[in-house]
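Structure first, commentary second.
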Number of protein chains: 2
Amino acid sequence: MKNVERIVNHAENHCKAHGARLTNKRKIILSGLLEVGKAMSAYDLVDYCKDQFGESIPAMSVYRILDFLQEENLVHKLSLANKYIACAHITCDHAHGVPQFLICGNCQRVEEITINKSTINTLRRNVEDAGFHLVSPQLEMNCLCHDCVEHAA
Amino acid sequence: MKNVERIVNHAENHCKAHGARLTNKRKIILSGLLEVGKAMSAYDLVDYCKDQFGESIPAMSVYRILDFLQEENLVHKLSLANKYIACAHITCDHAHGVPQFLICGNCQRVEEITINKSTINTLRRNVEDAGFHLVSPQLEMNCLCHDCVEHAA
DNA sequence: CTCAAAATGATATGATGTAACATTCTTGGG
DNA sequence: CCCAAGAATGTTACATCATATCATTTTGAG
Ligand SMILES: [Zn+2]
Ligand SMILES: [Zn+2]
Ligand SMILES: [Zn+2]
Ligand SMILES: [Zn+2]
């Protein structure tokens with residue numbers, strides 16, 4: 001069984017567990033994101049599904065499906081790039097924490113990480129000191145990946 | 001002298017100091033952002049300048065002017081909201097560090113802060129541990145301001 | 001003053017995202 | 001099984017955000 005298929009199956013079980021339905025179209029969108037392995041715009045996904053799966057899914061539907069997948073923590077939106085990326089932890093059994101994203105400004109690679117609690121707490125204290133309350137520590141950070149740092153050197 | 005005027009003068013000196021020109025149109029855009037005191041889209045600014053200053057500045061020019069103002073650190077872009085906001089530290093004489101933004105998800109108030117170096121360094125180490133190099137610690141955080149926390153309680 | 005560079009304008013178009021209503025699919029109770 | 005109700009998807013139109021390209025105007029150094 002291909003890896004993408006395995007992850008999609010896992011996602012389907014995750015949905016079933018609380019009565020949500022990972023329909024065929026939703027599987028296709030999720031599969032596309034998993035196959036590509038990097039962030040794509042909604043319209044990129046329209047094209048990809050047309051080209052790779054022969055499925056014409058209108059943009060409106062893609063947006064709705066992306067909303068659903070985000071609610072299920074199967075996909076995340078990167079506001080810095082207006083793109084969407086498959087969750088890197090779909091097959092992990094632990095509950096999904098608030099993710100942080102490292103975005104390589106050179107090759108666009110994206111890494112989804114979970115920064116350790118003590119760092120987040122430090123950040124939270126900084127925010128409280130400024131008179132605000134941190135609601136969600138989802139962060140998107142402008143980075144360079146290891147490869148791009150090497151090649152630049 | 002009004003406060004906005006004072007800040008704009010300071011900005012003009014800042015530009016002059018290295019041969020950049022804070023033209024009249026650029027002053028108008030910056031003044032608009034300062035008067036409003038919150039984040040606005042480029043098209044919001046087109047309308048505002050038309051209504052408040054009787055200046056019809058085409059959107060294309062507004063975008064160019066915002067680009068200029070960002071390079072001068074007089075304005076920052078909030079990617080989370082696709083909006084622009086005047087820098088909170090124009091009249092500070094110290095060099096402008098990399099800012100972080102706290103955005104109230106309820107009333108849209110924005111606070112520009114500079115998180116202390118040690119926190120940023122901790123964050124940087126977390127990023128390095130993930131095999132990436134942090135290029136810019138500009139962060140946009142989904143928060144609630146103190147007032148909105150109170151009123152919700 | 002003159003000319004080149006900088007700034008701004010005009011026009012078109014691309015990219016991203018949502019509103020509103022229609023149609024189709026799914027599913028559980030009779 | 002059948003049907004009604006809700007969920008999912010389709011259609012159309014439009015709103016919003018942003019850039020490409022070329023023309024014109026403004027500015028300032030020489
Ligand atoms: Zn995730
Ligand atoms: Zn890279
Ligand atoms: Zn600033
Ligand atoms: Zn608030």
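Lettering follows sequence order; numbering is per chain, from 1.
- Below 30°, between 30° and 60°, or above 60°: for B:His76 and B:His96 the angle between ring planes is between 30° and 60°, a tilted geometry.
- Under the 3.5 Å distance criterion, with hydrogens and angles disregarded, no donor-acceptor pair is assigned to the side chains of A:Asn9 and A:Arg6.
- Rounded to an integer number of Å, the gap from CG of B:Leu22 to C1' of C:dT8 is 15 Å.
- Between A:Lys25 and A:Glu55, at least one side-chain nitrogen of the basic residue sits less than 4.0 Å from a carboxylate oxygen of the acidic one, meeting the salt-bridge criterion.
- The separation between A:Ile29 atom CD1 and D:dA8 atom C1' is 13 Å, rounded to whole Å.
- A salt bridge between A:Glu12 and A:Lys27 is present, with a side-chain N of the basic residue lying under 4.0 Å from a carboxylate O of the acidic one.
- Side-chain contact annotation: B:Thr119 with B:Asn116, donor-acceptor N/O pair under 3.5 Å present.
- Phosphate contact (OP1/OP2 of C:dA7, side-chain N/O of B:Thr23, threshold under 4.0 Å): absent.
- Between A:Lys25 and C:dC25, a side-chain N or O to OP1/OP2 separation shorter than 4.0 Å is absent.
- The interatomic distance linking A:Leu78 (CG) with C:dT16 (C1') rounds to 15 Å, in whole Å.
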Tell me, for nucleotides 16-30 of chain D in 5' to 3' order, what letter each nucleotide earns: B for a base near a protein heavy atom under 4.0 Å, S for only sugar-phosphate near one, - for neither?
-BBBB------SS--
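- Between A:Asn24 atom CG and D:dA7 atom C1' the separation is 16 Å, expressed in whole Å.
- Rounded to an integer number of Å, the gap from CD1 of A:Ile57 to C1' of C:dT24 is 15 Å.
- The two atoms that bring A:Leu69 and A:Arg26 nearest to each other are CD1-O, 4.2 Å, heavy atoms only.
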